[in-house]
Asker: 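The structure's right below; bear with me while I get my questions together.
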Amino acid sequence: MYHMLQFIRRGFYLLLRKETSTRIAKHYATEAKFETKPFKLHNLQKGPSTSTIITQEQAIKMYTLMQTIRRLETSAGNLYKEKIVRGFCHLYSGQEACAVGMKEAMRPQDNIISAYRVHGWTFLMGVSPKSVLCELTGKQGGCARGKGGSMHMYAPNFYGGNGIVGAQVPLGAGVAMACQYKGNNGVCLTLYGDGASNQGQVFEAYNMAYLWKLPCIFVCENNGYGMGTSSDRSSCNTSYFQRGDVLPGIWVDGMDVVAVKLATDFAIEYVLKHGPLVMEVFTYRYSGHSMSDPGTSYRTRDEVQEVRQTRDPISSFKDKIITAGLVTADDLKTIDGKIKTEIDEATAAAKADSEIGLTELTTDIYAKNLEGDLRGTSPSSWLKHATLKRAINL
């Protein structure tokens, strides 16, 4: 009798738990309203909305992308420490919300050009983590066959990855001019850092873009420090969104992926109608300027730790979407596990891949060779023009 009662009681609890979980599933939120910090405006009467509806699908997508970039950069840093990545290597850890928020707002016809902190952007624009890491390690499976490395990655609608400080800004204005010329309704997001903001060519690009009403969004990713120098020490005006003079500007919290998306949505609509706009995304980088910079000689470890604990873009978004009922902690734990596996496998593949041979040194120079032999070589040289190779590994 006693055992029978135990079985009945156990069956009752199992049924109750099943019904409870069913009720929870039925009340699982499919969308939620999110509020952001107010935007700071310059030469604008009206700015982006400070609230929006985010669907469950969007929330999971943005979280997954940010977490993938974080894992990707951790792997890149480890490969550099193992001396498998050579040359320069600039990590994006801490700034994931900037790229993911902008990408979430971009349309198929929109373009982006940036400086050299672009592993995450390369991934967002369609290159697989494996191909990104292969490029970093100089292997043939990379998006540029291992020829570009960390600072020179490319993908469709993504124009790099540029090593010269600030030089991508006038190039971005040129891409916007091409959109205007072709009439494809596209824009160009032209990214640069606070360290590059004082370059003369930045202001020249502002001027020409304004005069020609180019659909260009000049995005200053203000992570607080240039190459070992704080923005306060390098700039007399650290309100970068105001530095376009007559160009309108927006300041956005770059640690909030939803805020960045809202600001970019607004900016795309604005520049298509009125011409260029400056957008400052206020963010933070956890690593040094590059892997050769420990990042602790000009700031304290406590400062970095405080940002990690109070403003981290991934942790804060995670808390928001769990609180909103869009996902559970277990859901995100499962996602994290899948991402870890993917990046671990990509890392192993990059290590196992091989470099291109010497005969490929002269490929990817011309899309269509009109000059015959390579300029500067003698007739007897073995350096001959070769057919364009596969340049993008998606």
Asker: Apart from Phe218 itself, what residues make up its hydrophobic cluster, given side-chain heavy atom links below 4.5 Å?
Answerer: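 Result for Phe218 is Val169, Tyr192, Val202, Phe203, Tyr206, Tyr210, Val246, Leu247, Val278.
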
Asker: Which residue pairs pass the salt bridge (charged side-chain N to carboxylate O under 4.0 Å, His left out) test with at least one member in residues 272-288, sequence neighbours excluded?
Answerer: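 Applying salt bridge (charged side-chain N to carboxylate O under 4.0 Å, His left out) to every pair that reaches into residues 272-288, excluding sequence neighbours, yields Glu269-Lys273.
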
Asker: Taking only residues two or more places apart in sequence, or in another chain, which ones meet Glu96 in a side-chain hydrogen bond (donor to acceptor under 3.5 Å, both in side chains)?
Answerer: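 Partners of Glu96 under the side-chain hydrogen bond (donor to acceptor under 3.5 Å, both in side chains) test: Arg70.
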
Asker: With a 4.0 Å cut-off, would you call Glu345 and Lys130 a salt bridge?
Answerer: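 No, Glu345 and Lys130 are not salt-bridged.
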
Asker: Checking side-chain polar atoms at under 3.5 Å, does Asp253 have a donor or acceptor matched by the opposite partner on Thr36?
Answerer: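 No, Thr36 and Asp253 have no side-chain donor paired with an acceptor closer than 3.5 Å.
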
Asker: Should Met279 and Ile113 be counted in the same cluster of Ile, Leu, Val, Met, Phe, Trp and Tyr side chains packed under 4.5 Å apart?
Answerer: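 No, it is not one cluster - the side chains of Met279 and Ile113 are not joined through contacts under 4.5 Å.
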
Asker: For Thr334, what residues pass the side-chain contact (heavy atoms from CB on, under 4.5 Å) criterion, not counting sequence neighbours?
Answerer: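 Checked Thr334 against side-chain contact (heavy atoms from CB on, under 4.5 Å); matches are Lys338.
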
Asker: What pair of heavy atoms forms the shortest contact from Ser316 to Asp312, and how long is it?
Answerer: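 For Ser316 and Asp312, the tightest heavy-atom pair comes out as OG-O, 2.7 Å.
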
Asker: Taking only residues two or more places apart in sequence or in another chain, which ones pass salt bridge (Lys or Arg N to Asp or Glu O under 4.0 Å) with Lys139?
Answerer: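 Once residues adjacent in sequence are excluded, Lys139 has no partner under the salt bridge (Lys or Arg N to Asp or Glu O under 4.0 Å) criterion.
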
Asker: Tracing side-chain links under 4.5 Å among I, L, V, M, F, W and Y, which residues wind up in one group with Phe282?
Answerer: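 For the cluster that includes Phe282, the remaining residues are Phe241, Trp251.
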
Asker: Should Val307 and Met255 count as side-chain neighbours, where that means a heavy-atom distance under 4.5 Å?
Answerer: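 SC-SC contact between Val307 and Met255 confirmed.
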
Asker: For residues Tyr159 and Met106: do they belong to one hydrophobic cluster (side chain heavy atoms under 4.5 Å, members Ile, Leu, Val, Met, Phe, Trp, Tyr)?
Answerer: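 No; tracing contacts between hydrophobic side chains, which count when under 4.5 Å, never links both residues.
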
Asker: Would you please name every residue forming a side-chain contact (heavy atoms from CB on, under 4.5 Å) with Ala59, sequence neighbours left out?
Answerer: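 Expected list: Ile54, Phe317, Ile321, Leu326.
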
Asker: Each residue besides Phe88 in its hydrophobic cluster should be listed here, by chain and number; the cluster joins Ile, Leu, Val, Met, Phe, Trp and Tyr at side-chain heavy-atom distances under 4.5 Å.
Answerer: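 Hydrophobic cluster check, Phe88: joined to Tyr116, Met151, Val165.
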
Asker: For Asp344, give me all partners under side-chain contact (heavy atoms from CB on, under 4.5 Å), at least two apart in sequence or on another chain.
Answerer: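 Asp344 satisfies side-chain contact (heavy atoms from CB on, under 4.5 Å) with Lys340 only.
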
Asker: Can you find a side-chain donor-acceptor pair between Asp194 and Tyr225 that sits under 3.5 Å?
Answerer: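 Side-chain D/A pair, Asp194 to Tyr225: absent.
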
Asker: With Lys182, which residues qualify under side-chain contact (heavy atoms from CB on, under 4.5 Å), at least two apart?
Answerer: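 Asn184.
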
Asker: For Arg107, is there an ion pair with Asp110 - N to carboxylate O distance below 4.0 angstrom?
Answerer: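 Salt bridge flag = yes for Arg107 with Asp110.
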
Asker: Compare all side-chain heavy atoms of Arg243 with those of Asn237 and state whether any distance is below 4.5 angstrom.
Answerer: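 Heavy-atom side-chain distance check passes, below 4.5 Å.
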
Asker: Is a donor from one side chain sitting under 3.5 angstrom from an acceptor on the other, for His90 and Ser150?
Answerer: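 No, because no side-chain N or O of His90 sits under 3.5 Å from a partner of the opposite role on Ser150.
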
Asker: List in chain and number order the residues that pass salt bridge (Lys or Arg N to Asp or Glu O under 4.0 Å) with Lys213, two or more places apart in sequence or in another chain; answer none if no residue qualifies.
Answerer: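 Applying salt bridge (Lys or Arg N to Asp or Glu O under 4.0 Å) to Lys213 gives none.
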
Asker: Kindly write out the residues that satisfy salt bridge (Lys or Arg N to Asp or Glu O under 4.0 Å) with Glu306, not counting sequence neighbours, or none if the list is empty.
Answerer: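 Testing Glu306 for salt bridge (Lys or Arg N to Asp or Glu O under 4.0 Å), a comparison that skips the adjacent residues, returns none.
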
